[in-house]
Number of protein chains: 2
Amino acid sequence: MLSIGKLAEVTGVKVPTIRYYEQIGLMPCPGRSSGNQRLYGPAERQRLAFIRHARDLGFPLQAIRELLALTDRPETSCEAADRIARAQLAEVNSRISRLMALRAELERMLERHCAGRVADCRVIEVLGDHGLCLHHDRPVMGDIAVSDAPDNPPKRNPRYRACR
Amino acid sequence: MLSIGKLAEVTGVKVPTIRYYEQIGLMPCPGRSSGNQRLYGPAERQRLAFIRHARDLGFPLQAIRELLALTDRPETSCEAADRIARAQLAEVNSRISRLMALRAELERMLERHCAGRVADCRVIEVLGDHGLCLHHDRPVMGDIAVSDAPDNPPKRNPRYRACR
DNA sequence: CTAATCTCTCTAGCGGCTAGAGGTTCAAGG
DNA sequence: CCTTGAACCTCTAGCCGCTAGAGAGATTAG
């Protein structure tokens, strides 16, 4: 039996995240020690590894919920699993192509950059005038997940309330 | 002078988003009509277009805040603007490469998919065993921003509280 | 004048966690 | 056996970048 800390260690999922998964019903309520601490067996460990892997592949938690429901019914058709994976692939492809357009635009913006004043800056100029762009639609950003580096200090900016 | 609705229309930024930008101090507090409704002039319109364009290029709001501060001091060096744009380009490149690894893995997972039961499903199998993967690190997902299509109905799932 | 459409402020919610407070339990060393 | 310190517990609140909705007031077209 594993404590939550050990489980976190072997699966690479952080402790609060495991508790979060339990809270939203993705992980079952595990047994508890006499002192009310969570204890996990191999089944839970396998389940969490599945979740972690699917997350690493970018599946949203809702999709993972559905995939897990499928593993609980192994005799049903795997058509649904296939559909979910294909949707994820389509999503990834869409993100890639949009990011490539973005990259092209950013490179174009930077390639003739000035070494002078902001007033002449091509970056600023292009940002202010979409007409200088070739084309790009809405971006695909969000979740950085930039491997939580310790040199990436989370600076909390204190929620501006500008006017009034 | 434009009402907030007209401004939203000409810039493509939604009305609540404009108010949100004002709230966090990204847009200034505009003048008001006699009936307390916001009125925008060309300067605000230009500023919002700048923000919108930078968002489209994936810049986070904090970066946009800094870029806007630069445009307010046009005589300073554009070095900072350049640095911000390069950081953004690096970020985009990083996302692209990670997504490509993801895509490869998803395609591999799907290419020999079964037409049978979940028990034999390669998708499920691979998800359950990371050892079957080639390699991929953490993903780059998040903000879909999939051009708010009306065929994409926002289904609200009511915050599970599984156990207890 | 009325009805429809904006607009106002305010609060709460989304995904997917992360951080911290303030308390309890466990395991190793003396 | 006792102490210490790490790990654990629950709970709440915060992150980004919006989005949704309630319940009110303003404006505009017919």
Side-chain angles (χ1 to χ4, degrees), chain A residues 1-9 13-27 29-30 32-40 51-52 54-56 58-65 138-146 148 152-161 163-164, chain B residues 1-9 13-27 29-30 32-40 51-52 54-56 58-65 138-146 148 152-161 163-164:
Chain A
M1 284 298 188
L2 299 167
S3 72
I4 196 171
K6 296 293 173 199
L7 182 66
E9 204 175 311
V13 180
K14 288 181 188 158
V15 168
T17 304
I18 298 173
R19 287 197 279 248
Y20 170 72
Y21 288 162
E22 181 183 326
Q23 196 195 331
I24 64 171
L26 210 57
M27 284 294 288
C29 296
R32 299 281 182 142
S33 74
S34 57
N36 197 34
Q37 305 202 346
R38 290 171 179 82
L39 289 178
Y40 296 93
I51 296 172
R52 158 83 201 229
R55 284 298 295 136
D56 281 356
F59 287 88
L61 291 183
Q62 181 52 45
I64 296 174
R65 207 184 283 279
R138 309 234 66 196
V140 183
M141 287 290 156
D143 155 358
I144 296 287
V146 180
D148 34 11
N152 202 358
K155 50 184 168 188
R156 52 189 69 258
N157 56 344
R159 195 57 151 169
Y160 292 65
R161 283 245 172 207
C163 323
R164 302 177 53 208
Chain B
M1 286 297 189
L2 299 167
S3 72
I4 196 169
K6 295 293 174 197
L7 182 67
E9 203 176 312
V13 179
K14 288 181 188 159
V15 169
T17 304
I18 298 173
R19 287 196 280 247
Y20 170 72
Y21 287 161
E22 181 183 326
Q23 196 194 332
I24 63 170
L26 211 57
M27 285 292 289
C29 296
R32 300 279 183 144
S33 74
S34 57
N36 197 36
Q37 304 202 346
R38 290 170 179 82
L39 289 178
Y40 296 94
I51 296 171
R52 159 81 202 230
R55 283 298 296 138
D56 281 357
F59 287 88
L61 291 183
Q62 181 52 44
I64 297 175
R65 205 184 283 280
R138 309 236 64 195
V140 183
M141 287 291 156
D143 156 355
I144 297 287
V146 181
D148 35 9
N152 202 359
K155 49 185 167 188
R156 56 189 68 255
N157 57 343
R159 195 56 150 169
Y160 293 65
R161 284 247 170 205
C163 321
R164 303 178 51 209

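Letters go in sequence order (proteins before strands), and every chain restarts at 1. Everything quoted here is computed from the prediction, not taken from an experiment.
Screening B/I18, B/L7, B/I4, B/V15 against B/R38 for a side chain to side chain contact (heavy atoms under 4.5 Å, CB included) leaves a single residue, B/I4.
Minimum atom distance to the side chain of B/Y20 is reached by D/dC18, of the listed D/dC18, C/dG16, D/dC8. Comparing D/dT10, C/dT7, D/dC8 against the side chain of A/R38 picks out D/dT10 as the nearest.
Atom CD of A/E22 and atom C1' of C/dC17 are 15 Å apart (whole Å). Put simply, CD1 on B/I64 is 13 Å from P on D/dC16, counting in whole angstrom units. Atom CG in A/L2 sits about 15 Å away from atom C1' in D/dC8, given to the nearest Å. For the pair B/R52 CZ and D/dG17 C1', the computed distance is 14 Å after rounding to whole Å. The nearest whole Å value for the distance from the CZ atom in A/R55 to the P atom in C/dC17 is 4 Å. Rounded to an integer number of Å, the gap from CG of B/L39 to P of C/dC8 is 9 Å. Rounded to a whole Å, the CD atom of A/Q23 is 13 Å from the P atom of C/dC17. Between the C1' atom of D/dG17 and the CZ atom of B/R65 lies a distance of 12 Å, rounded to the nearest Å.
Annotation: side chain of B/L61 is in contact with side chain of B/Y21 (closest heavy-atom distance under 4.5 Å). With a 4.5 Å cut-off on side-chain heavy atoms, A/R32 and A/Q37 do not count as touching. Residues B/E9 and B/L2 fail the side-chain proximity criterion, which asks for heavy atoms closer than 4.5 Å.
Rounding to the nearest 0.5 Å gives a distance of 6.5 Å between CG of A/L26 and CD1 of A/I64. The structure places CD of A/Q62 at 9.5 Å from CD1 of A/I24, a figure rounded to the nearest 0.5 Å.
Minimum heavy-atom separation, B/E22 to B/Y40: OE1-OH, 3.8 Å.
Between B/Y21 and the phosphate of D/dG17, there is no side-chain N or O to OP1/OP2 separation shorter than 4.0 Å. For the pair B/T17 and D/dT19, the criterion of a side-chain N or O lying under 4.0 Å from OP1 or OP2 is met. Put simply, B/R19 has no side-chain N or O that comes within less than 4.0 Å of OP1 or OP2 on C/dT9. Note on A/K14: a side-chain N or O is less than 4.0 Å away from OP1 or OP2 of C/dT18.
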Margin query: Output one letter per nucleotide in nucleotides 23-30 of chain D: B when a protein non-hydrogen atom lies under 4.0 Å from the base, S when only the sugar-phosphate is that close, - when neither is.
Written below: --BSS---
